[in-house]
Amino acid sequence: MKRSNFFLPTLKENPVDAKVASHRLMLRSGMVRQSSAGIYSWLPLGLMVLKNIESIVREEQDKISQQILMPTIQDAKIWKNSGRYSDYGKEMLKILDRNKKELIYGPTNEELVTEIFSNNVLSYKDVPMCLYHIQWKFRDEIRPRFGVMRGREFLMKDAYSFDLNEDDAIHAYNKMFINYLNIFKKMGLKAIPVKADTGPIGGDLSHEFVILAETGESKIFCDSNIFKQSIDNIDYEDKSLVSKIVKHWTSFYSSTQETLDENLYHSLVSSNNRIQKNAIEVGHLFYFGTKYSEPLNASVVNEDGNKIFVKMGSYGIGISRLIAAIIEVFHDEKGICWPESVAPFKVGIVNLRQNEKNCSDISQNIYEKLCSTGVAVLYDDRNEGAGSKLADMDLIGIPWQIRIGPKSLKNNCVELKQRNKNDEVEINISNIVNEVRKKIVKQ
RNA sequence: CGGGGCGUAGCGCAGCCUGGUAGCGCACCUGUUUUGGGAACAGGGGGUCGAGUGUUCGAAUCACUCCGCCCCGACCA
């Protein structure tokens, strides 16, 4: 993509309403624009990142679940049947259609997915089943803030598992647990599972996945050893291995403010391993058994011919919130520093002297070669001052920068710089494309 | 929902108290000179002053009503 053709309205100055780094940087880098309180439009750069995160989530979830797509608008009736129509209260956006039929804009999908299941799955032979979808949700938050971190409209991946018995259901829960660790790892994040409150979703087993960040809205308490643990891809059908891994991860004390047991915390974690920090919640697992399957009559007939209600769990990841969380973790005073896996472009070319033919020819040439090898590259071909082009490139956070100017062209070289490192290296023009490709593949 | 604050050009703000032709910086357009960390000069465009009602010869400015947005508290991916 050439910058001159790319819709990227960056801002030099800080919007006064944006209080946290991620919000400020998302506005300044032209990723989003606010449309209403807690409601945002996604501009090309922001949408690219959103799609990248979505792909990572999809790739992993496909290993243990099947993707569907449910509507944003739901019939209020199923919410009345589950009893949540009133429980959810004012957070739920209620709508009347032309026939005065009551609809809602979905804040989550337990009811709807349960209805789909109950209407279409009748036999124990069709479970276990796990379905997920990635869809916009709306929760009429009392106070939306911090940009997409706590928007009212947000993109969420939510998965739902259906099992015959509690043992199988826990296995589904555990698979999701490990799947989440892998998802966040792929985004360069160190997410930690925290024992959690179940909130209005309900149930008795629940973990939040959180990312440590100054601006996080919840406080967590945990054992620092949890950060030293690693996760690998595994065979999800190996029930005992899955359970063993989850047991291992949950053996380290971690809790939110709400579930903190101070005595237990102090007895299990030595004082120099205790971490008490702000964190951003980016994922949540719930096991809630038959809480929805009973009222919504989601049952299957088992081997003995008896009708049994399925045991369910639900599992969310805040896709749009993750962007904010990633920026909170990966930024500096100049702007965003994207992890490569989610970066909108892998490489940015900064032509420092657009109106010198030599610089422009070489820039254009490198740009074309990188494009033709499938590298996502943004070429800043505008006729702007070098300073402003460099500052802009730093702001939008592309991981690799190729800087092309007279200084190094004298040596037949261009400069390669990693966004989050200070050193830049001169590389011969004839090698630059291969060098960059090697670095990108290696990561 | 309680408490506080703010709505004037795309962004940041002044003007309002004390009513009298709507301003500044950045951004944008044209031209020239520039170019290694957000360039300089010259010229230019852009506003139903959040909306409505009232007071007045006259309202961005005063009064009332409504709306929107932000911040602080109790809920949540």
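Chain identifiers are assigned alphabetically (A, B, ...) following the order of the sequence lines, protein sequences preceding nucleic acid strands; residue numbering begins at 1 within each chain.
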Checking all strands, does [X] fall into the base, sugar-phosphate, or nothing category for heavy-atom contacts under 4.0 angstrom?
{"X": "A/Glu141", "result": "base"}
{"X": "A/Asp392", "result": "base"}
{"X": "A/Pro406", "result": "base"}
{"X": "A/Glu384", "result": "base"}
{"X": "A/Lys389", "result": "nothing"}
{"X": "A/Gly335", "result": "nothing"}
{"X": "A/Lys90", "result": "sugar-phosphate"}
{"X": "A/Arg33", "result": "nothing"}
{"X": "A/Glu356", "result": "nothing"}
{"X": "A/Ser408", "result": "base"}
{"X": "A/Glu153", "result": "nothing"}

Under a 3.5 Å cut-off for both contacts, is [N] paired Watson-Crick or G-U wobble with anything, and if yes, with which nucleotide?
{"N": "B/G73", "answer": "B/C1"}
{"N": "B/C6", "answer": "B/G68"}
{"N": "B/C16", "answer": "none"}
{"N": "B/G36", "answer": "none"}
{"N": "B/G43", "answer": "B/C29"}
{"N": "B/U56", "answer": "none"}
{"N": "B/U61", "answer": "none"}

- Just checking, is any N or O donor in the side chain of A/Gln67 or A/Ser65 under 3.5 Å from an acceptor N or O on the other one? no
For a quick check, tell me whether the side chain of [X] and the base of [N] share a donor-acceptor pair closer than 3.5 Å.
{"X": "A/Arg150", "N": "B/C76", "result": "yes"}
{"X": "A/Arg403", "N": "B/G37", "result": "yes"}
{"X": "A/Arg145", "N": "B/G73", "result": "no"}
{"X": "A/Asn14", "N": "B/G12", "result": "no"}

- Check the pair A/Asn225 / A/Lys228 against side chain to side chain donor-acceptor pair (under 3.5 Å), numbers first and verdict last. CA-CA 5 Å; A/Asn225 283 313; A/Lys228 298 182 186 137; 3.0 Å; yes
Of the listed nucleotides [options], the one nearest the side chain of [X]:
{"X": "A/Gln34", "options": "B/C70, B/G36, B/G25", "result": "B/C70"}
{"X": "A/Asp394", "options": "B/G38, B/G37, B/A77", "result": "B/G37"}
{"X": "A/Ala37", "options": "B/A74, B/G36, B/C69", "result": "B/C69"}
{"X": "A/His284", "options": "B/G38, B/A77, B/C26", "result": "B/A77"}
{"X": "A/Glu13", "options": "B/U34, B/G12, B/G38", "result": "B/G12"}

For a quick test of your reading: what N or O donor-acceptor pairs under 3.5 Å do the side chains of residues 141-151 of chain A make, sequence neighbours left out?
{"residue": "A/Glu141", "atom": "OE1", "partner": "A/Arg150", "partner atom": "NH1", "Å": "3.0"}
{"residue": "A/Arg150", "atom": "NE", "partner": "A/Glu217", "partner atom": "OE1", "Å": "3.2"}
{"residue": "A/Arg150", "atom": "NE", "partner": "A/Glu217", "partner atom": "OE2", "Å": "3.4"}
{"residue": "A/Arg150", "atom": "NH2", "partner": "A/Glu217", "partner atom": "OE1", "Å": "3.2"}
{"residue": "A/Arg150", "atom": "NH2", "partner": "A/Glu217", "partner atom": "OE2", "Å": "3.4"}

Using the ring centroid of each side chain, check whether [X] and [Y] are separated by less than 6.0 Å.
{"X": "A/Phe154", "Y": "A/Phe138", "answer": "no"}
{"X": "A/Tyr292", "Y": "A/Phe162", "answer": "no"}
{"X": "A/Phe286", "Y": "A/His284", "answer": "yes"}

- Quick one, which residues of residues 65-78 of chain A touch RNA chain B with a heavy atom under 4.0 Å? none
- Item | Nucleic acid contacts - residues 315-330 of chain A versus RNA chain B, non-hydrogen atoms under 4.0 Å | A/Gly318, A/Arg321
If you measure from the [atom1] atom in [N] to the same atom in [M], how many Å do you get, rounded?
{"N": "B/A27", "M": "B/A9", "atom1": "C1'", "answer": "11 Å"}
{"N": "B/G12", "M": "B/C66", "atom1": "C1'", "answer": "28 Å"}
{"N": "B/G58", "M": "B/G2", "atom1": "C1'", "answer": "41 Å"}
{"N": "B/C69", "M": "B/C28", "atom1": "C1'", "answer": "26 Å"}
{"N": "B/U21", "M": "B/C49", "atom1": "P", "answer": "15 Å"}
{"N": "B/A22", "M": "B/A59", "atom1": "P", "answer": "12 Å"}
{"N": "B/U33", "M": "B/G10", "atom1": "P", "answer": "33 Å"}
{"N": "B/U8", "M": "B/G25", "atom1": "C1'", "answer": "15 Å"}

- Query: side-chain hydrogen bond (donor to acceptor under 3.5 Å, both in side chains) with A/Ser118: which residues, sequence neighbours excluded?
  - Reply: none
- Please list, chain by chain and in numerical order, all residues satisfying side-chain hydrogen bond (donor to acceptor under 3.5 Å, both in side chains) with A/Ser36, sequence neighbours excluded. none
- Message: In terms of relative ring orientation, are A/Phe209 and A/Phe177 parallel, tilted or perpendicular, with 30° and 60° separating the classes?
- Response: perpendicular
- Describe, in one word, how the ring planes of A/Trp42 and A/Trp136 are oriented to each other, choosing from parallel (under 30°), tilted (30 to 60°) and perpendicular (over 60°). tilted
- Query: Among all residues two or more places apart in sequence or in another chain, which pass the salt bridge (Lys or Arg N to Asp or Glu O under 4.0 Å) test with A/Glu115?
  - Reply: none
Could you tell me how far apart [X] ([atom1]) and [N] ([atom2]) are, to the nearest whole angstrom?
{"X": "A/Asp17", "N": "B/C70", "atom1": "CG", "atom2": "C1'", "result": "5 Å"}
{"X": "A/Lys334", "N": "B/G37", "atom1": "NZ", "atom2": "C1'", "result": "8 Å"}
{"X": "A/Leu43", "N": "B/G10", "atom1": "CG", "atom2": "P", "result": "16 Å"}
{"X": "A/Gln401", "N": "B/G36", "atom1": "CD", "atom2": "P", "result": "16 Å"}
{"X": "A/Glu110", "N": "B/A77", "atom1": "CD", "atom2": "P", "result": "10 Å"}

- Item | Earlier contact from the 5' end, RNA chain B, for A/Arg143 and A/Leu11 | A/Leu11
- Comparing A/Phe146 with A/Ser388, nearest RNA chain B nucleotide closer to 5' gives the residue A/Ser388
- Backbone of A/Lys80 reached by a side-chain donor or acceptor of A/Glu111 within 3.5 Å: no
- Query: Does the side chain of A/Lys407 get closer than 4.0 angstrom to OP1 or OP2 of B/G36 through an N or O atom?
  - Reply: no
- Between A/Ile398 and A/Trp338, which heavy-atom pair has the shortest distance, and what is it? N-CD1, 4.3 Å
- Task: Compare all side-chain heavy atoms of A/Val350 with those of A/Leu390 and state whether any distance is below 4.5 angstrom.
- Result: yes
